[in-house]
Protein chains: 2
Amino acid sequence: MGHTQPAAGDDQMILPMCAIFRRFLKRQGLKFTTERALILEAVLAKPGVFEADELLQEMRAADHRVSKATIYRTLKHLLEAKIISEVLIDSRQAHYRLSFGKEPIGHLVCVETNQIIEFPAAELTDLRDRLCKEHGFEPVSHRFVIYGISPEAQKAEQAEEEK
Amino acid sequence: MGHTQPAAGDDQMILPMCAIFRRFLKRQGLKFTTERALILEAVLAKPGVFEADELLQEMRAADHRVSKATIYRTLKHLLEAKIISEVLIDSRQAHYRLSFGKEPIGHLVCVETNQIIEFPAAELTDLRDRLCKEHGFEPVSHRFVIYGISPEAQKAEQAEEEK
DNA sequence: CTTGCTGCAAAAGTTTTGCACACGT
DNA sequence: ACGTGTGCAAAACTTTTGCAGCAAG
């Protein structure tokens with residue numbers, strides 16, 4: 001099961017994506033800075049769901065010093081540019097994922113281990129559009145998250161019971 | 001239109017619901033206190049989505065003095081008892097809704113006005129179960145939120161453009 | 001050179017926790 | 001009586017903001 005379209009996280013995507021972001025920023029009268037480029041690069045390197053602080057730690061580790069404030073500010077712009085999107089896993093913290101050029105997906109989250117599996121969910125887009133039409137809404141986006149217990153956690157649970 | 005089953009928010013639901021909660025607490029070796037009863041009552045009075053602080057303000061207004069800490073602690077128990085469930089609207093704050101005895105639903109949120117519309121989404125349960133089976137997960141729950149622009153906000157936008 | 005950007009530290013907002021006392025069972 | 005629960009205030013955490021100096025266009 002590979003990707004059905006060019007993976008947006010590939011190294012080859014860095015330059016085109018920079019161009020897209022730069023264009024977006026220019027349109028808003030904003031500037032393309034070193035920090036913003038570094039953050040975008042870090043985001044592109046993330047295969048799945050990530051958090052702001054995670055990005056900060058990784059960038060620090062790579063000796064790319066950027067402040068927390070700038071990360072938060074840049075994530076907002078990336079969100080507006082539709083390069084990333086928010087995934088609402090829990091209400092304690094924002095979770096993001098690279099979404100540009102990717103199909104809409106849903107997330108399957110294990111409530112025990114916090115493991116996150118992505119699954120394609122093109123059919124949800126149809127459902128979304130139908131519901132929006134019914135209520136006179138203009139669709140913007142949608143989120144679908146399933147919570148469950150992963151096979152691994154089920155096994156661990158059984159082992160626990162057998163004690 | 002209308003509820004297809006006994007509405008869990010009715011006044012008549014207060015006593016049965018207290019009994020359910022009380023039983024749940026007893027099973028966990030916990031106590032059914034005045035505060036917990038008052039909070040459950042306030043929750044039952046909420047027709048839709050609510051927040052912890054909203055509950056606190058309303059209870060204060062009704063002269064039912066309960067601390068913030070107790071509200072948070074009780075909401076956790078109500079969550080565990082499956083009497084309420086979390087609705088992930090945004091990542092800044094937890095949103096809850098009474099779910100006991102209600103059909104699974106989805107939420108349509110206006111990104112401009114924050115208006116929230118609930119819609120029945122029984123079909124999602126099937127999709128959820130199918131996906132869980134595919135990945136060997138045991139389903140626990142799911143969330144489906146659609147973001148869009150409400151008819152009212154669309155009108156306001158147009159009026160803005162015409163200036 | 002003009003305007004926006006960064007880092008820092010402080011502020012803001014929600015949720016959690018430690019502790020002394022009070023209350024269900 | 002015992003073990004939980006409650007309120008309060010402080011702590012913890014994530015996210016936002018004000019400001020002085022810095023950098024991109």
Side-chain angles (χ1 to χ4, degrees), chain A residues 18-19 21-43 49-60 63-81 84-96 114, chain B residues 18-19 21-43 49-60 63-81 84-96 114:
Chain A
C18 276
F21 192 32
R22 172 175 255 146
R23 225 171 306 144
F24 167 83
L25 291 170
K26 177 170 272 177
R27 220 179 310 135
Q28 316 271 311
L30 304 176
K31 290 165 182 169
F32 185 76
T33 63
T34 319
E35 288 81 2
R36 287 178 179 167
L38 286 172
I39 292 168
L40 176 55
E41 197 180 320
V43 165
V49 171
F50 61 89
E51 301 153 25
D53 195 62
E54 203 178 322
L55 228 46
L56 180 64
Q57 303 310 329
E58 290 180 5
M59 295 188 67
R60 289 233 168 118
D63 221 56
H64 289 155
R65 310 206 133 267
V66 180
S67 73
K68 214 168 32 177
T70 297
I71 291 195
Y72 279 107
R73 292 189 272 232
T74 303
L75 286 174
K76 264 190 189 144
H77 291 131
L78 290 170
L79 229 28
E80 266 202 86
I84 62 173
S85 59
E86 266 187 302
V87 182
L88 298 175
I89 301 284
D90 66 63
S91 45
R92 310 181 44 100
Q93 208 175 358
H95 290 79
Y96 307 89
N114 294 320
Chain B
C18 276
F21 192 32
R22 172 174 256 146
R23 223 171 308 145
F24 167 83
L25 292 171
K26 176 170 272 175
R27 220 181 309 135
Q28 315 271 311
L30 304 176
K31 291 165 186 172
F32 185 75
T33 63
T34 319
E35 289 80 4
R36 287 178 181 168
L38 286 172
I39 292 168
L40 175 55
E41 197 181 321
V43 164
V49 171
F50 61 87
E51 302 153 23
D53 196 62
E54 202 178 323
L55 228 45
L56 180 65
Q57 302 311 328
E58 290 180 3
M59 295 188 66
R60 291 227 167 124
D63 221 54
H64 290 156
R65 308 205 134 269
V66 179
S67 74
K68 213 167 37 179
T70 297
I71 290 196
Y72 278 107
R73 291 189 272 231
T74 302
L75 285 174
K76 264 188 189 147
H77 290 131
L78 289 170
L79 231 27
E80 264 202 89
I84 61 173
S85 59
E86 267 189 302
V87 182
L88 297 175
I89 301 284
D90 65 62
S91 44
R92 311 181 43 102
Q93 205 174 1
H95 290 78
Y96 307 89
N114 293 319

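By convention in this document, chain letters (A, B, ...) are assigned in the order of the sequence lines, proteins followed by strands, and residues within each chain are numbered from 1.
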Nucleic acid footprint by protein, nucleotides 19-25 of chain D - heavy-atom cut-off 4.0 Å, B for base, S for sugar-phosphate alone: -----BS
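What separates CG of A:Leu79 from P of D:dT15 is a distance of 12 Å, to the nearest Å. For the pair A:Gln93 CD and D:dT16 P, the interatomic distance rounds to 12 Å; values are reported in whole Å. For the pair B:Glu35 CD and D:dC8 P, the interatomic distance rounds to 11 Å; values are reported in whole Å. At whole-Å resolution of the value, CD1 in A:Ile89 and P in D:dT14 are 16 Å apart. Separating the CD1 atom of B:Ile71 from the P atom of D:dG5 is a distance of 16 Å, rounded to the nearest angstrom. Distance NZ (B:Lys68) to P (D:dA12): 16 Å, rounded to an integer number of Å.
Contact between the side-chain N/O atoms of A:Lys76 and the OP1/OP2 oxygens of D:dT16 is found at a separation under 4.0 Å.
Atom CG of residue A:Leu38 and atom CE of residue A:Met59 lie 5.0 Å apart, to the nearest 0.5 angstrom. Separation of atoms CD (A:Glu51) and CG (A:Leu75) is listed at 11.5 Å; rounding is to 0.5 Å. Summarising the geometry, atom NE2 belonging to A:His64 is positioned 12.0 Å from atom CG belonging to A:Leu55; distances are rounded to the nearest 0.5 Å. For the atom pair A:Ile39 CD1 and A:Phe21 CZ, the distance stands at 8.0 Å (nearest 0.5 Å). In this structure, CG in A:Leu56 is found 9.5 Å from CZ in A:Arg65, a value given to the nearest 0.5 Å.
Between B:Arg60 and B:Ser91, the residue anchored nearer the 5' end of DNA chain D, judged by the nucleotide with its closest heavy atom, is B:Arg60. Nearest-nucleotide positions on DNA chain C for A:Thr70 and B:Ala94 put A:Thr70 closer to the 5' end.
Put simply, the side chain of A:Thr70 does not reach to within 4.5 Å of the side chain of A:Thr33, judged on heavy atoms. Proximity of B:His95 to B:Asp90: side-chain heavy atoms (C-beta onward) are separated by under 4.5 Å at one or more points. Inter-residue side-chain proximity for B:Leu78 and B:Arg36 is flagged as unmet; no heavy-atom pair is nearer than 4.5 Å. When side chains are defined from C-beta on, B:Lys68 counts as touching B:Tyr72, because their heavy atoms get closer than 4.5 Å.
Shortest non-hydrogen contact noted between A:His77 and A:Phe24 is O-CE2, 3.6 Å. The nearest pair of heavy atoms linking A:Leu79 to A:Ser85 is CD1-CA, 3.6 Å.
Axis deviation across the helix from C:dC1-D:dG25 to C:dT25-D:dA1 amounts to 40°, comparing end segments of five pairs, rounded to 10 degrees.
The span of DNA chain C lying next to chain B, judged by atoms under 4.0 Å from heavy atoms, is bounded 5' to 3' by C:dT14 to C:dT25.
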